[in-house]
Structures are given as structure tokens and as C-alpha cells.
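Just below is one structure, and these are the notes that go with it.
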2 protein chains.
Amino acid sequence: MAETSEETLAERKRGSGVKLVYEMLRDEILTLTLPPGRPIDEVNLAERFGMSRTPIREALVRLAGEGLVETLPNRSAIVANIDFSKLHTFFDAITLMYRVTTRLAAQYHRPEDLEVIRAHQERYAQVVAAQDPLAMIAVNRDFHAAIAEAGRNPYFTSLTLRLLDEGRRILRLYYQSFNDRLPQEYSDEHNAIIAAIAARDIELCDRLARAHADQIVRQIRQFFGRDMRQDVPL
Amino acid sequence: MAETSEETLAERKRGSGVKLVYEMLRDEILTLTLPPGRPIDEVNLAERFGMSRTPIREALVRLAGEGLVETLPNRSAIVANIDFSKLHTFFDAITLMYRVTTRLAAQYHRPEDLEVIRAHQERYAQVVAAQDPLAMIAVNRDFHAAIAEAGRNPYFTSLTLRLLDEGRRILRLYYQSFNDRLPQEYSDEHNAIIAAIAARDIELCDRLARAHADQIVRQIRQFFGRDMRQDVPL
DNA sequence: TGCATTTTATTTGTCGACAAGAATCGAGGC
DNA sequence: GCCTCGATTCTTGTCGACAAATAAAATGCA
């Protein structure tokens with residue numbers, strides 16, 4: 001077997017091992033490099049990363065806590081499956097979180113938050129222009145994550161991050177099939193959301209976030225199946 | 001040192017160790033038996049539970065993933081602190097989750113769900129009558145957790161569970177200071193919520209859940225400090 | 001040949017041990 | 001007397017190994 005880049009990193013700082021394998025595995029799962037259902041062999045990973053099974057297991061436990069891997073007792077852990085029969089619950093949740101975090105961002109953001117958000121959006125426009133689906137998906141996540149952070153509610157932020165990550169896998173499946181144009185309208189909607197946050201217009205943020213979520217949900221549902229989502233006027 | 005009950009359980013099934021120590025530690029944290037900030041020594045726990053450090057560490061990693069313990073590199077893990085300066089974000093989140101999960105329960109509950117919810121509420125009334133604060137706090141959590149389960153959205157359920165658990169610590173602090181009567185009005189509100197769910201009246205569920213949350217938040221805030229929470233009309 | 005059962009092999013769960021880093025304690029200097 | 005620096009102790013992070021449990025292969029039987 002050829003030397004992988006991980007093996008060359010012989011000298012690692014104590015405690016950095018788990019973080020490395022955690023982030024690496026996480027990225028490979030979210031980009032579907034590791035497809036859902038793929039078994040995860042501990043010894044295999046151990047020799048791949050050139051370390052013992054102990055830090056590997058710790059990383060797997062953390063990933064299991066986030067729902068990205070499923071562990072069966074005395075059996076191999078597997079990459080978490082995507083339950084398409086429960087997609088509507090995902091749509092419900094991401095729609096509400098888009099609305100809530102964008103509202104909160106309008107209220108609590110500071111100038112430096114806006115700079116971060118705008119930077120992500122600029123990069124988003126770039127990768128859409130470059131027709132790079134993988135980068136587009138990752139940056140879209142960063143954009144909404146930055147908005148959630150600006151809202152300064154760690155509970156909402158953590159759920160939003162989890163949903164955004166799960167969404168990376170779903171979007172990847174979506175764009176893997178459709179290799180057509182990356183939609184420009186999302187970029188426009190992002191800019192409108194930024195303007196609404198900067199203007200601290202809570203109601204406008206709510207409407208834009210909901211419309212943004214609706215747009216994405218509509219596109220995905222007509223690919224994966226009917227829209228099982230219910231309207232949540234609250 | 002005297003033999004503890006854990007040590008007497010010499011024969012354990014393979015794989016049950018982590019679950020045992022995870023649930024035990026979790027319960028001790030949520031009941032404030034282990035106060036926030038208390039350092040958690042791995043070898044101490046290892047000999048207390050009569051097992052190696054490996055399963056102890058795995059349990060700690062899981063608890064850290066849920067935010068119940070904080071780990072510092074190369075230093076002792078500690079029971080997660082309660083950030084009182086961010087209590088308002090907790091109130092925001094639990095209020096919204098009460099509303100959303102109760103709404104969803106009204107829509108998606110099945111007859112057997114109602115039985116479970118009613119059973120929890122009966123037990124709630126019992127422990128309130130018995131003036132048992134610890135049991136009241138635990139059963140209150142189970143009651144709202146059952147409602148969230150009946151709503152059948154795993155994303156909302158998981159955030160709700162996390163908030164309910166965090167709430168157990170806050171309520172414990174609250175009732176530890178006030179050793180006065182356990183409020184009867186919560187029990188009445190619970191019954192009203194059950195009736196609204198059974199009637200599948202979504203809007204009524206929303207109003208009742210919000211009022212219920214408001215009631216609790218009001219009581220806690222006048223103890224811990226001013227209500228920093230904002231109104232979220234959505 | 002097809003199925004049930006035993007045997008082998010693979011993979012996980014747990015253990016004890018060692019080394020790196022941090023906290024504690026003590027000695028020395030100002 | 002107080003601060004700084006070094007040695008010691010203590011705790012964590014990682015390792016290699018062993019045993020239990022499952023999966024796979026081989027064997028026996030109809």
C-alpha cells in the first residue's frame with residue numbers, strides 16, 4: 001500500500017490525534033466519500049492514520065454522538081444512513097432554524113459578524129460562478145452557520161449546525177444526480193438576507209429565511225419525492 | 001473505603017460498562033450530586049466502578065458531546081458549568097421547543113402516546129402531592145420528553161431533551177433554595193396541554209405551551225435575576 | 001445438493017502499562 | 001517575606017495485548 005499523507009505525519013502533538021481523525025472522518029462522511037452504510041473498521045483506520053485504536057474509537061464515539069455514525073454492539077460501526085422516509089422532519093427543522101437564527105442575527109449581530117457573513121457569501125458567489133458543487137455545499141453551510149453564530153444562542157446554533165451538516169449529504173446526493181447549473185437565485189437570496197440582517201429588520205429576516213428554505217426544500221422534494229413538510233405558521 | 005454497590009456487580013455483560021457509568025454520571029450531574037465545576041478524576045471513577053479507565057473515558061466523551069462535562073486538554077474534565085449570563089438563551093430555546101413539540105404532538109400523536117403522556121402526568125401529580133422536588137423535576141422532564149416523542153421529529157426531540165436535562169439542573173438549584181410548596185398550577189397546566197393534544201387543537205397547544213414556559217421562566221427569572229428573554233411572536 | 005452444526009477467523013470491548021504534560025511542592029535568590 | 005525556578009507527583013493521552021462476541025468457513029448429514 002502506498003504511503004498516505006496521514007502516515008507521513010509521524011510527529012503529532014499529544015492530544016491532536018483524535019481531533020485529526022475526527023475532522024477527517026467527518027469531512028469524508030459529509031462529502032459522501034464514505035457513503036451511508038459503509039462499515040468503519042477500527043484497525044483499518046488505525047493503520048491508515050498510524051496510531052492506536054484508542055483515539056480512533058474516541059473519534060467514532062464523538063461522531064456517533066452527532067449522529068454521523070451508527071454503532072452496533074460488538075459489530076462494526078457504519079456511516080449513518082440517510083432516512084428518506086423522515087426527510088420531512090429534516091425540512092421542518094431546517095426551515096424553523098433558518099427562521100429563528102436569522103431573526104436572532106438581526107437582533108444581536110455585531111459589525112464583525114456581518115463581515116464574516118459577507119465574506120462567506122462572497123466566496124459562495126465565487127464557487128457558484130466556478131460551478132464547484134462540493135465547495136458550494138460547504139460554503140453554503142458556513143454562510144448559514146455564521147448567521148446562527150451571530151444570533152448568539154448556542155442551543156439554536158448547535159441544532160442548526162447539525163442540520164446544516166446533514167444537509168450537506170442530502171445536497172451532495174442532489175447535485176451528484178443533477179449536474180446542471182448551480183442556481184444563481186440562492187446567491188441573490190443570500191444577499192437579501194444579509195441586507196435584512198444589517199437593517200435589523202426581524203420580520204423581513206423571517207420572511208426571507210422562510211422563502212429561502214422553501215426554495216431549497218421545493219427543489220429537493222421534486223427530486224427525492226413529494227413534499228411531506230407541513231406549513232408551520234406558528 | 002466501604003464496598004459500594006457498583007463494586008459488587010463483578011460480573012457485567014460485555015459492553016454494558018460504558019452505558020452504566022454514562023447513565024450513573026449523567027444522573028449525578030443532573031441532580032447536582034456532582035456540582036458544576038467539580039473535577040472528574042478518571043482513575044477515581046475507574047476504581048469506584050471496578051473497571052478500567054477505557055470505558056470511563058468513553059462515557060466522558062459521550063457526556064462531553066452532550067455538553068454535560070467540559071474537557072480541557074491534558075487536564076481533568078469537569079462537570080459543565082451553568083452559564084447564568086446566558087440563561088436567556090436557554091429560556092428562548094425551551095420556550096420555542098415547548099411550543100413546537102406540543103404542536104407536533106397534537107398533529108402526529110397516536111393513542112398509545114397519550115397513554116404514556118398521561119401516565120407521566122399522573123406520576124407528576126403524585127410526587128407533587130408528596131412534595132418530592134427531585135422526583136418532580138425528573139418526572140417533569142419525562143412528561144415533556146414524551147410529548148416531544150409523540151411529535152415524531154427527531155431533530156426537535158433531541159434539542160428538547162438536551163434543554164430538559166439542562167433544565168433539571170436549573171430547577172434543582174431553584175428548588176434547593178426555595179423549599180416552599182411545589183406549585184400545583186403546573187400540574188393543572190399539564191392536564192390542559194394533554195387535553196389540547198388529544199383534541200388535536202394545534203393553536204391551543206401553542207398558546208398553552210407558551211404560557212406554560214412563560215410561567216416557569218417567570219418564576220425562575222425572579223429568583224435568578226431579570227428576564228432577559230425576548231418575546232418571539234414569529 | 002442443500003441445510004444444520006462445529007470450527008476457525010475476524011473484530012470489537014476491555015485491560016494494564018508507559019510516557020507526555022500540567023499541577024504541586026520545595027529550594028534558592030532578591 | 002515574596003517571587004522565581006526546578007524537581008516531584010499526579011493525571012491524562014496513547015499504546016499493545018488479550019478475551020468475548022460475532023461473522024465466516026468448513027464439516028457432517030440427509
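The only member of B:R48, B:R169, B:R168 that meets salt bridge (Lys or Arg N to Asp or Glu O under 4.0 Å) when paired with B:E28 is B:R48.
Rounded to whole Å, the distance from CD on A:E42 to P on D:dT22 is 16 Å. Atom CG in A:N44 sits about 14 Å away from atom P in C:dT10, given to the nearest Å. One can place CG of B:L45 at 18 Å from P of D:dC10, the figure rounded to the nearest angstrom. Atom pair B:L20:CG and C:dT14:C1' shows a separation of 15 Å (rounding to whole Å applied). As rounded to whole Å, 15 Å separates atom C1' of C:dT24 from atom CG of B:D41.
Near DNA chain C, meaning a heavy atom under 4.0 Å from it, residues 52-61 of chain B has B:S52, B:R53, B:T54, B:P55 in order of number. Listed by residue number, the members of residues 66-78 of chain B with any heavy atom below 4.0 angstrom from DNA chain C are B:N74, B:R75.
Ring-plane geometry between B:F143 and B:H190 is classed as parallel, the angle between the planes falling under 30 degrees on a 0 to 90 degree scale with a further cut at 60.
Geometrically, B:R62 engages B:Y22 in a cation-pi contact defined by less than 6.0 Å to the ring centre and at most 45° from the axis.
Heavy-atom neighbours of A:R123 CZ from other residues, nucleotides or ligands within 6.0 Å: at or below the threshold of 12. Under a cut-off of 6.0 angstrom, the local environment of CZ in A:R172 is crowded, with over 12 non-hydrogen atoms contributed by other residues, nucleotides or ligands.
In this structure, a donor-acceptor pair under 3.5 Å is absent between the side chains of A:E166 and B:Y155. A donor and an acceptor atom, one from each side chain of A:R162 and B:S158, are located under 3.5 Å apart.
Listed nucleotides: D:dT14, C:dA20, D:dA21. Nearest to the side chain of A:R14: C:dA20.
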Kindly determine whether A:L60 and A:L25 satisfy side chain to side chain contact (heavy atoms under 4.5 Å, CB included), including the steps that lead there. CA-CA 9 Å; A:L60 288 179; A:L25 271 183; 3.8 Å; yes
